[in-house]
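Structure first, commentary second.
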Amino acid sequence: MPWCDECSHFYNPNTLTAEGDCPEGHHVADPDSDDEPGTKIPWHFWLLVVALVIYLGWRLIQGIQWLLS
Ligand SMILES: [Zn+2]
């Protein structure tokens with residue numbers, strides 16, 4: 001949620017202008033990023049995805065080895 005230092009106030013992204021300014025005219029958010037920080041995918045999510053892919057890949061190799069043996 002965008003926070004304005006000058007106003008000491010949290011703003012709903014919808015109440016900000018297209019430029020990312022608060023109603024008082026202070027610049028609060030980056031205009032080119034539609035997603036607020038709370039909705040961004042954290043880096044540890046990708047770590048989990050990579051770990052899952054490696055795990056599934058390993059299980060696939062094991063499965064192929066089992067089929068061939
Ligand atoms: Zn403000």
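Note that ligands are numbered from 1 as they come in the structure, with each ligand's atoms numbered from 1 the same way.
- Remark: His27 engages Asp21 in a side-chain hydrogen bond (donor to acceptor under 3.5 Å, both in side chains) (not counting sequence neighbours).
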Only distances under 3.5 Å count here; give the side-chain donor-acceptor pairs of residues 41-61 to other protein atoms, sequence neighbours excluded, each with its distance to 0.1 Å.
unit_1, atom_1, unit_2, atom_2, d
Tyr55, OH, Arg59, NH1, 3.1
Arg59, NE, Gln62, OE1, 3.4

### Task
Go through His26 and Cys7 one step at a time and tell me if the side chain to side chain contact (heavy atoms under 4.5 Å, CB included) criterion holds.
CA-CA 8 Å; His26 312 118; Cys7 300; 3.3 Å; yes
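- Atoms CG and SG, from Asn12 and Cys22 in turn, are 13.0 Å apart once rounded to the nearest 0.5 Å.
- Counting only protein atoms, the N, O or S atoms lying less than 2.8 Å from the Zn ion (ligand 1) are Cys4 SG, Cys7 SG, Cys22 SG, His26 ND1, ordered by chain and residue number.
- Sorted by first then second residue, the ring pair (Phe, Tyr, Trp, His ring centres under 6.0 Å) pairs that include residues 2-24, not counting sequence neighbours, are Trp3-Phe10, His9-Tyr11.
- In terms of heavy atoms, Val28 sits closest to Pro2 at CG1-CB, 3.8 Å.
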